Amino acid sequence: MRPLAPEFYARPVLEVARELIGCSVCHDRVSGVIVETEAYHDSEPACHAFVGLTPRTEPLFGEPGRAYVYRSYGIHAMLNAVCEPPGIGAAVLIRALQPCAGLEQMRARRTGPGGRVPADGELCSGPGKLTQALAIELSDNRTSLSSGPVRIHARTAEWRDPAIRTGVRIGISRAVELPWRFWLAENRHVSRPRP
DNA sequence: CATGGGATTGACT
DNA sequence: GTCAATCCCATGC
């Protein structure tokens, strides 16, 4: 199984967001199939890159096919795939995975201090959950998704032609009307099945 | 240099 | 349904 090449990401971010559904994220032999994504583009105010080129947003304007990882609410790491040619600030947020390999490691990493072990459907059903389950951290920011520690692989035959739903993005306060969220229909690992 | 606001989650009422 | 945890960094004085 080969990782997606950088050229895959050097296209309109909405296309990439849709086509990443069914692909898989792998880190350290722990992996899952992408079942939910959101697109962000510097032309709209929900995107970090909307403010222009700053130290924080520099990866978004850089090479497509790299990871953009940032900390959210002081707690969670968010994994994005940088898209479009350099100079355009755009990325796909990976919001949920269907666990594929390394389920035991995921459970261990996602088990809280209380000792409560999440069910399979809760292991990676959110952007903060999946980075915790795969141990993706801020240090993975800017690394290549084709040749770095975190890799994204093309759809296997099993995931060819997935049934994709679209809706508005979650958790944002601006550009709330854009239907730039994509998820796999009827999949229980999606963070919020209903729009 | 001080401030404020998150692309969230889990615990609790 | 409400709410706090907690850190990076953009913004403004």
Side-chain angles (χ1 to χ4, degrees), chain A residues 9 12-14 16-18 20-21 25 32 34-62 64 66-84 88-97 99 106-143 145 150 152 165-184 188-195:
Chain A
Y9 302 93
V13 68
L14 288 172
V16 180
R18 180 177 281 274
L20 278 177
I21 300 290
V25 180
I34 299 171
V35 296
E36 181 182 352
T37 61
E38 283 178 0
Y40 289 87
H41 188 272
D42 62 23
S43 61
E44 46 90 15
C47 183
H48 290 174
F50 185 71
V51 299
L53 190 61
T54 68
R56 181 196 205 193
T57 64
E58 192 272 331
L60 286 169
F61 289 96
R66 310 287 265 270
Y68 169 55
V69 183
Y70 70 94
R71 191 171 299 294
S72 176
Y73 292 93
I75 303 174
H76 308 287
M78 302 280 132
L79 172 66
N80 296 255
V82 174
C83 295
E84 312 231 5
I88 298 177
V92 173
L93 170 68
I94 312 299
R95 281 194 58 90
L97 305 176
M106 289 186 185
R107 289 188 195 103
R109 289 165 175 162
R110 291 268 300 117
T111 297
R116 178 186 157 274
V117 181
D120 289 359
E122 272 78 60
L123 284 177
C124 299
S125 58
K129 296 176 184 178
L130 72 91
T131 55
Q132 184 180 14
L134 296 202
I136 293 169
E137 310 176 55
L138 293 200
S139 57
D140 294 305
N141 193 26
R142 302 167 187 261
T143 60
L145 295 170
V150 180
I152 300 183
R165 298 259 190 278
T166 66
V168 296
R169 296 173 293 183
I170 291 175
I172 55 172
S173 56
R174 304 192 296 181
V176 294
E177 73 286 356
L178 295 177
W180 286 11
R181 175 176 177 237
F182 304 89
W183 69 94
L184 190 57
R188 71 176 211 269
H189 300 90
V190 168
S191 67
R192 281 164 55 172
R194 322 191 181 297

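Chain letters run A, B, ... following the sequence lines, proteins first and then strands; every chain starts at 1. The model shown is predicted, which means the values in this text are computed figures rather than measured ones.
The distance from atom CZ of A:R116 to atom P of B:dT9 is 13 Å, rounded to the nearest whole Å. In this structure, OH of A:Y73 is placed 6 Å from P of B:dT8, rounded to the nearest angstrom. Here the C1' atom of nucleotide B:dG6 and the CD1 atom of A:I172 are 12 Å apart, to the nearest Å. Per the geometry, CG belonging to A:L93 stands 5 Å off C1' belonging to B:dA7, to the nearest Å. Summarising the geometry, the separation between CZ on A:R174 and C1' on C:dA10 is reported as 12 Å, rounded to the nearest angstrom. Computed from coordinates, the A:H41 NE2 to B:dA7 P distance equals 18 Å when rounded to whole Å. Note: CE (A:M78) to C1' (C:dC8) measures 13 Å, nearest angstrom. Counting to the nearest Å, the P atom of B:dG6 and the CZ atom of A:F50 are 14 Å from each other.
Considering only the side chain of A:R71, C:dC7 comes nearest among C:dA10, C:dC7, B:dA7. Comparing B:dG10, C:dA10, B:dT8 by their closest approach to the side chain of A:R56 singles out C:dA10. Comparing B:dA7, B:dG10, C:dA10 by their nearest atom to the side chain of A:V51 picks out C:dA10. Set against B:dT9, B:dA7, B:dT8, the side chain of A:Y68 has B:dA7 as its closest nucleotide. Taking every side-chain heavy atom of A:H76 into account, B:dT9 is the closest of C:dC8, B:dG6, B:dT9.
Side-chain atoms of A:I88 and A:F61, non-hydrogen and from C-beta on, never get closer than 4.5 Å to each other. Side-chain contact between A:H41 and A:C47: absent, with no pair of heavy atoms (C-beta onward) separated by less than 4.5 Å.
Between the C1' atoms of C:dC8 and B:dG10, the separation comes to 22 Å (whole Å).
Shown are A:E177, A:E38, A:E44; of these, the side-chain hydrogen bond (donor to acceptor under 3.5 Å, both in side chains) with A:R169 is made only by A:E44.
Salt-bridge check for A:E58 with A:R142: passed, with a basic side-chain N closer than 4.0 Å to an acidic carboxylate O. Salt-bridge annotation for A:E122 and A:R116: absent, with no side-chain N of the basic residue lying under 4.0 Å from a carboxylate O of the acidic one.
Contact annotation for A:R95: backbone-only contact, meaning every heavy-atom pair under 4.0 Å involves sugar-phosphate atoms and none involves a base. When heavy atoms are screened at a 4.0 angstrom cut-off, A:R169 is found touching no nucleic acid atom at all.
Phosphate proximity of C:dA10 to A:T54: present, with a side-chain N or O under 4.0 Å from OP1 or OP2.
In terms of position on DNA chain C, the residue among A:L138 and A:I75 whose nearest nucleotide sits closer to the 5' end is A:I75.
Remark: B:dC12 base-pairs with C:dG1. Criterion, Watson-Crick or G-U wobble with two distances under 3.5 Å. Shown here, B:dA2 forms a base pair with C:dT11; the pair counts as Watson-Crick or G-U wobble because both key distances fall under 3.5 Å.
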